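This structure is a prediction, so every number in the text was calculated from the model and none was measured. Reckoned from all heavy atoms, side chains included, excluding hydrogens, waters and symmetry mates.
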Amino acid sequence: MRLGKTFFFGLALLSVCALAFGCASTKLTSVWHVEKKPAEPLKSIMVVGISDQSSVRRSFEDLFVRELAKHKVKGLASYRVLNSEQEKDQGLIRKAALDRGAQGVMAVHYKGTETKEDYVPPTSTPVVYRTWDGYYPMVYSYVSEPGYYRTRKYLSLETNLYRVSDGTLLWAGASRSLDQDSLKKLVQDLAKVVLNNMASAGLVP
């Protein structure tokens, strides 16, 4: 009997999620990667967060390095070896990565913010009534909330992964993330979709 309650409530939740950004705060909007999988996935990557705000850059890179560790990839935050001026020179970035044994360089770039009006459909919450002895079937009634529109902001990000040894582009992706006013949540969500896709392409473990 409980399964029925869970099932109907699940359907309502799925309907809301499907219309409100697919139950995910970050999704890839386009992806490209090399056709031939490398002999081995990259096990060490330098992360470069391209930002004119040094504090955002440092926090972003540190958080992404933590997410790389979950994929058994050794991450290196570029700010730990390069200052803001040095990071403008792609040659210095590559040299720093080579000197520290990094096999790849991942650059993440903020492209802009889009404001969008989303429609949140009506929701129904099941209310369960039982008879005194508990043997009769459940009777459901629903308390409904009307649908409404809400304005949300989405961040457009671009992520590129290069092989350090020859500078070849291995993976490129554009993504859209819901602006949740939490850099940590943004990085976690971004890293999850990006690294899972890279893993499917054989680029990371």
Side-chain angles (χ1 to χ4, degrees), residues 13-33 45-71 73 75-80 82-90 92-93 97 104-123 145-162 169-201 203-204:
L13 179 61
L14 286 174
S15 297
V16 174
C17 291
L19 291 174
F21 209 56
C23 269
S25 57
T26 294
K27 66 178 181 179
L28 293 171
T29 55
S30 66
V31 174
W32 175 92
H33 61 77
I45 295 175
M46 175 181 281
V47 179
V48 181
I50 303 175
S51 173
D52 57 358
Q53 300 180 46
S54 58
S55 60
V56 172
R57 170 196 167 196
R58 291 194 298 268
S59 296
F60 181 92
E61 292 180 359
D62 280 338
L63 289 167
F64 212 107
V65 165
R66 294 180 194 174
E67 297 304 310
L68 282 170
K70 297 177 182 179
H71 279 259
V73 176
L76 172 64
S78 68
Y79 83 88
R80 295 186 179 275
L82 297 167
N83 60 39
S84 298
E85 287 301 315
Q86 292 173 322
E87 197 180 47
K88 296 177 183 179
D89 189 325
Q90 65 268 31
L92 289 178
I93 295 175
V105 170
M106 182 184 299
V108 183
H109 170 55
Y110 164 72
K111 297 182 66 178
T113 300
E114 175 188 5
T115 300
K116 184 178 179 182
E117 192 174 63
D118 292 332
Y119 177 67
V120 180
T123 58
E145 296 180 2
Y148 61 93
Y149 287 91
R150 63 184 174 190
T151 301
R152 311 183 84 175
K153 291 183 178 181
Y154 295 93
L155 309 179
S156 295
L157 300 169
E158 182 181 78
T159 304
N160 293 331
L161 176 65
Y162 297 88
L169 178 64
L170 300 176
W171 189 96
S175 60
R176 192 177 68 153
S177 298
L178 177 64
D179 186 356
Q180 305 177 80
D181 296 323
S182 170
L183 182 60
K184 181 178 180 180
K185 186 69 167 61
L186 169 67
V187 175
Q188 289 176 335
D189 292 344
L190 175 66
K192 181 178 181 180
V193 297
V194 166
L195 295 178
N196 283 347
N197 193 280
M198 288 182 179
S200 67
L203 299 173
V204 298

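Among residues two or more places apart in sequence or in another chain, the side chain to side chain donor-acceptor pair (under 3.5 Å) test is passed with S30 by none. With sequence neighbours left out, S156 forms a side chain to side chain contact (heavy atoms under 4.5 Å, CB included) with K111. The ring pair (Phe, Tyr, Trp, His ring centres under 6.0 Å) search around Y162 returns none, not counting sequence neighbours. For K185, the side chain to side chain donor-acceptor pair (under 3.5 Å) partners are D189, not counting sequence neighbours. In terms of the ring pair (Phe, Tyr, Trp, His ring centres under 6.0 Å) criterion, Y148 has no residue partners (sequence neighbours excluded). Residues passing the salt bridge (charged side-chain N to carboxylate O under 4.0 Å, His left out) test with K88 are E85, sequence neighbours excluded. For K70, the salt bridge (charged side-chain N to carboxylate O under 4.0 Å, His left out) partners at least two apart in sequence or on another chain are E67. Applying the side chain to side chain contact (heavy atoms under 4.5 Å, CB included) criterion to T113, with sequence neighbours excluded, gives Y110, K153, L155. Listed by chain and number, the residues in a salt bridge (charged side-chain N to carboxylate O under 4.0 Å, His left out) with R80 are D62 (sequence neighbours excluded). A search for salt bridge (charged side-chain N to carboxylate O under 4.0 Å, His left out) contacts involving K184 returns nothing, not counting sequence neighbours. Applying the side chain to side chain contact (heavy atoms under 4.5 Å, CB included) test to L183 and every residue at least two apart in sequence or in another chain returns S59, F60, L63, L186, V187.
Expressed to the nearest 0.5 Å, how far CG of L68 lies from CD of E61 amounts to 11.0 Å. In this structure, CZ on F64 lies 14.0 Å from CG on L76, to the nearest 0.5 angstrom. Rounding to the nearest 0.5 Å places OG1 of T29 at 8.0 Å from CZ of R176. Atom NE2 of residue H109 and atom CG of residue L157 lie 9.0 Å apart, to the nearest 0.5 angstrom. A distance of 4.5 Å separates CZ in R152 from CG in L178, rounded to the nearest 0.5 Å. Distance check: D118 CG to Y154 OH gives 3.5 Å after rounding to the nearest 0.5 Å.
The side-chain heavy atoms of S78 and R57, taken from C-beta on, include a pair separated by under 4.5 Å.
Side-chain N or O atoms of E87 include none that pairs as donor or acceptor with a backbone N or O of L82 at under 3.5 Å. Between the S177 side chain and the T26 main chain, no donor and acceptor come within less than 3.5 Å of each other.
Minimum interatomic distance between V31 and L28 (heavy atoms only, all atoms of both residues): CG2-CD1, 3.5 Å. Closest of all the heavy-atom pairs between A97 and V105 is CB-CG2, 3.8 Å.
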Return all side-chain donor-acceptor pairs below 3.5 angstrom for residues 190-198, not counting sequence neighbours, or 'none' if the list is empty.
from, atom 1, to, atom 2, distance (Å)
N196, ND2, K192, O, 3.1
N197, OD1, W171, NE1, 2.9

